[in-house]
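Read the numbers this way: they start at 1 and go in the same order the structure lists the ligands and their atoms. On a predicted model such as this, the values are computed, not experimentally measured, just so you know.
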Amino acid sequence: MDGNGRWALKRGLSRFEGHNKGADSVRTITRACRRLDIRALTLYAFSEQNWNRPVAEVESLMALLRRYLLEERAEIMENDIRLTTIGRTHRLPSSVSEPLADLIRDSAGNQSMDLCLALSYGGQEELGDAMRRLAQQVADGTLAPDAVDEQRIGAELWSSHLPPLDLLIRTSGELRLSNFMLWQAAYAELFFTPTLWPDFCEDDLNEAIESFRLRERRFGRTDENIEALLQAND
Ligand code: IPE
Ligand code: MG
């Protein structure tokens, strides 16, 4: 969800106002995904690297996050949405971690959609943590090195509760992943748009989904390969 700062700058507003407007997009897009019956939506709200921003900006983002959790709570519960997180959430201040823990606990039984907030998240950090845990199990003798395969690694990731990543949307014209779901992005379809996150609306989401729909996902196979597979399944 990139481009809040540039959105504000273009209008002579403060970066905070950009973040504030970005939170409106979060609401709009979450509602739209729920309506479209999207299984899971993960929002890259705050990266592990974002801690390096000026203290005042980090504080205003944390205040916004707290407000979001309190204000969205009712709608999340009413819409049967399960809220989860990925990331080093222990780094969050208690003003955020407390309402966050409450909502995670209270929404745990909801089943219609997963809304996952990536908070203090980094893809390399996620992989690093998983590798360390696996290495420890090997050192303890509870895991054979040969058993460390793609499935085992995937199961060790913070995101192991989420379905495979299908579509990854990057706003604001940047053409990089910026440490987001590196492992999970292996076969995800990527959608890059110049639209700044505060301007990203339901039409933009529909455009991304339409683009996704028109792509052929081969997962390393050939066209004929897939045709044969589909016929075999008929
Ligand atoms: C992304 O917008 C929002 C967060 C990191 C929370 P930016 O703040 O990165 O916006 P730009 O890149 O300065 O436009
Ligand atoms: Mg940015």
Heavy atom of the protein closest to [atom] (residue, atom name, distance):
atom	answer
atom 13 (O) of ligand 1	Arg15 NH1, 3.1 Å
atom 5 (C) of ligand 1	Asn50 OD1, 3.4 Å
atom 2 (O) of ligand 1	Asn4 N, 3.3 Å
atom 10 (O) of ligand 1	Gly5 N, 2.9 Å

Cut-off 3.5 Å, side chains only: do Arg170 and Ser178 have a donor facing an acceptor?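 Distance-only check passes for Arg170 and Ser178.
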Can Gln137 and Arg152 be counted as having a side-chain donor-acceptor contact under 3.5 angstrom?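 Checked: Gln137/Arg152 side chains pair up, N/O donor to acceptor below 3.5 Å.
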For ligand 1, which part of Arg53 has a heavy atom less than 4.0 Å away: the side chain, the backbone, both, or neither?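 It is the side chain that touches ligand 1; the backbone stays farther off.
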Is the shortest side-chain heavy-atom distance between Ile76 and Leu103 below 4.5 Å?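 In contact.
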Student check: side-chain heavy atoms of Glu156 and Ile153 closer than 4.5 Å: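 The answer is no, as the side chains (C-beta and beyond) never meet within the 4.5 Å cut-off.
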Hey, is the main chain of Gln111 close enough, under 3.5 Å, to the side chain of Asp80 for a donor-acceptor pair?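 Flag set: sc Asp80 to bb Gln111 pair under 3.5 Å.
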Determine yes or no for a side-chain-to-main-chain donor-acceptor pair under 3.5 angstrom, with Ser60 supplying the side chain and Phe16 the backbone.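 Looks like no, no N/O pair under 3.5 Å.
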Any nitrogen or oxygen of Trp7 lying under 3.5 Å from a nitrogen or oxygen in ligand 1? Just yes or no.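 No - when backbone and side-chain N and O of Trp7 are compared with those of ligand 1, no distance drops under 3.5 Å.
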Can you check which of Arg6, His19, Met1, Glu174 brings a heavy atom nearest to atom 12 (O) of ligand 1?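 Considering heavy atoms of Arg6, His19, Met1, Glu174, the nearest to atom 12 (O) of ligand 1 sits in Arg6.
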For ligand 1, is there an atom lying under 4.0 Å from some heavy atom of Ser172?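 Flag not set, Ser172 not near ligand 1.
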Would Ala45 count as a contact of ligand 1 if the rule is a heavy atom under 4.0 Å away?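 It does; at least one heavy atom falls under 4.0 Å.
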Could you walk me through whether Arg218 and Glu216 pass the salt bridge (charged side-chain N to carboxylate O under 4.0 Å, His left out) check? CA-CA 6 Å; Arg218 289 186 294 274; Glu216 189 186 23; 2.9 Å; yes
Can you name the N, O or S atom of Asp2 that is closest to the Mg ion (ligand 2)?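 This residue's closest N, O or S atom turns out to be OD1.
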